[in-house]
A.B. asks: 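Mind having a look at this structure? Questions to follow.
Values in this document were obtained by computation on a predicted structure and should not be read as measured data.
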Amino acid sequence: QTSDQWALPPALQGAIKAHTQSTKERFASPLNFSASTGAYWTPFERDQLFGAQWDAYQTQWAGSSTATPTFEPAQVHKAIKHAIESAKATEDIPVLTTMVVPATSETNNPGYFSLIRSNATYCNAVLRVPASKFRFTTPQQYMQADQTTSKPP
């Protein structure tokens, strides 16, 4: 289902890649992954037919990657926890996971703010963009190669 597969705006995706040398995308799809990405992971096993890796949680994350999990609080918490645990488990291998997650409030996103704070050695919030200034690329837009953006539902 593509209705919940929002993509980062191309300019933001490009800036992240330029500054982090990211070579992997966690939580992407065959329709919205960056063509310059070395590998991408999708939640659907069938997407392996399109070159995707399946299930980002099956491996330790290493190297530089971008992760934009579904914005359900439990999914965000799971992704942050996996990124931290991967960094802890691979201390001899550099790990940089740039994650784009909602930062509305502690009440709306219980757990993952405290998870970030309690793992400051491995996890830091670097930038906050006001919701009014951030727009995703919708499935319709990236499927039509339209670079304008829209606010998620």
Side-chain angles (χ1 to χ4, degrees), residues 1-10 12-34 36-48 50-139 142 151-153:
Q1 180 174 341
T2 61
S3 63
D4 63 348
Q5 294 184 356
W6 297 79
L8 293 178
L12 177 58
Q13 180 102 13
I16 291 171
K17 287 183 73 112
H19 292 284
T20 66
Q21 304 302 305
S22 176
T23 59
K24 303 169 193 80
E25 279 185 69
R26 316 288 176 177
F27 314 109
S29 87
L31 299 175
N32 70 9
F33 79 99
S34 174
S36 63
T37 297
Y40 70 101
W41 280 257
T42 167
F44 305 108
E45 186 174 9
R46 67 181 179 260
D47 289 343
Q48 292 176 92
F50 304 103
Q53 305 293 314
W54 175 54
D55 190 0
Y57 299 111
Q58 287 185 352
T59 61
Q60 296 280 327
W61 297 356
S64 182
S65 63
T66 303
T68 308
T70 302
F71 283 2
E72 296 297 322
Q75 291 303 311
V76 173
H77 189 277
K78 183 178 179 179
I80 291 171
K81 184 174 181 179
H82 191 79
I84 292 167
E85 294 304 319
S86 291
K88 286 178 178 179
T90 57
E91 289 197 24
D92 57 329
I93 299 170
V95 177
L96 172 62
T97 305
T98 304
M99 223 179 265
V100 177
V101 297
T104 53
S105 73
E106 190 82 39
T107 304
N108 292 337
N109 300 300
Y112 69 80
F113 285 119
S114 61
L115 184 62
I116 291 169
R117 283 191 301 273
S118 65
N119 287 280
T121 301
Y122 299 97
C123 187
N124 295 289
V126 177
L127 175 69
R128 273 197 154 167
V129 178
S132 64
K133 302 289 183 190
F134 187 83
R135 301 289 184 264
F136 280 98
T137 300
T138 68
Y142 61 72
K151 195 171 185 176

A.B. asks: Could you tell me whether a side-chain N or O of W41 sits under 3.5 Å from a main-chain N or O of A28, the two making a donor and an acceptor?
C.D. replies: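 Side chain of W41 to backbone of A28: no pair is present.
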
A.B. asks: How long is the span from the NZ atom in K88 to the CG atom in N119, to the nearest 0.5 Å?
C.D. replies: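 Answer for the NZ-CG pair, K88 versus N119, is 4.0 Å.
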
A.B. asks: Let me confirm one number: the CD-OG1 distance from Q13 to T68, rounded to the nearest 0.5 Å.
C.D. replies: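 Reported value, rounded in 0.5 Å steps: 7.0 Å.
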
A.B. asks: Looking at S118 and L115, what are the two nearest heavy atoms and their distance?
C.D. replies: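 The answer is OG-O, 3.2 Å.
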
A.B. asks: Given side chains that start at C-beta, do those of K17 and T37 come closer than 4.5 Å, heavy atoms only?
C.D. replies: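 Yes, at least one pair of side-chain atoms sits under 4.5 Å.
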
A.B. asks: Give, for atom CD1 of I116 and atom NZ of K81, the distance between the pair rounded to the nearest 0.5 Å.
C.D. replies: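 It is 14.0 Å, given to the nearest 0.5 Å.
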
A.B. asks: Among residues at least two apart in sequence or on other chains, which ones pass side chain to side chain contact (heavy atoms under 4.5 Å, CB included) with S65?
C.D. replies: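 By the side chain to side chain contact (heavy atoms under 4.5 Å, CB included) rule, S65 matches K24, R26, T97.
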
A.B. asks: For the residue pair P30 and Y40, establish whether any side-chain heavy-atom pair is separated by less than 4.5 Å.
C.D. replies: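 Sidechains of Y40 and P30: in contact.
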
A.B. asks: Would you say S64's side chain and T20's backbone share a donor-acceptor pair under 3.5 angstrom?
C.D. replies: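 Indeed, once roles are kept as given, a pair shorter than 3.5 Å links the two residues.
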
A.B. asks: Got L8 and T66 here, is their nearest side-chain heavy-atom distance under 4.5 Å?
C.D. replies: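 The answer is yes, as the side chains (C-beta and beyond) meet within the 4.5 Å cut-off.
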
A.B. asks: Once rounded to the nearest 0.5 Å, what's the spacing between atom CH2 of W61 and atom CD1 of I84?
C.D. replies: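 Reported value, rounded in 0.5 Å steps: 10.5 Å.
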
A.B. asks: Measure the shortest side-chain to side-chain distance between P69 and V101 over non-hydrogen atoms and say whether it is less than 4.5 angstrom.
C.D. replies: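 They are in side-chain contact.
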
A.B. asks: So which heavy atom on M99 is nearest to which on A79, and how close?
C.D. replies: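 Residues M99 and A79, closest heavy atoms: CE-O, 3.5 Å.
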
A.B. asks: Partners of Y57 by ring pair (Phe, Tyr, Trp, His ring centres under 6.0 Å), sequence neighbours excluded?
C.D. replies: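 With neighbours one apart ignored, the set is F27, H82.
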
A.B. asks: Can you find a side-chain donor-acceptor pair between T70 and Q75 that sits under 3.5 Å?
C.D. replies: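 No, no side-chain donor-acceptor contact under 3.5 Å.
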
A.B. asks: Between P43 and W54, what is the shortest heavy-atom contact and its length?
C.D. replies: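 So the minimum-distance heavy-atom pair works out to O-NE1, 3.3 Å.
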
A.B. asks: What's the spacing between L12 CG and I16 CD1 if we round to 0.5 Å?
C.D. replies: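 So the CG of L12 and the CD1 of I16 are separated by 4.0 Å.
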
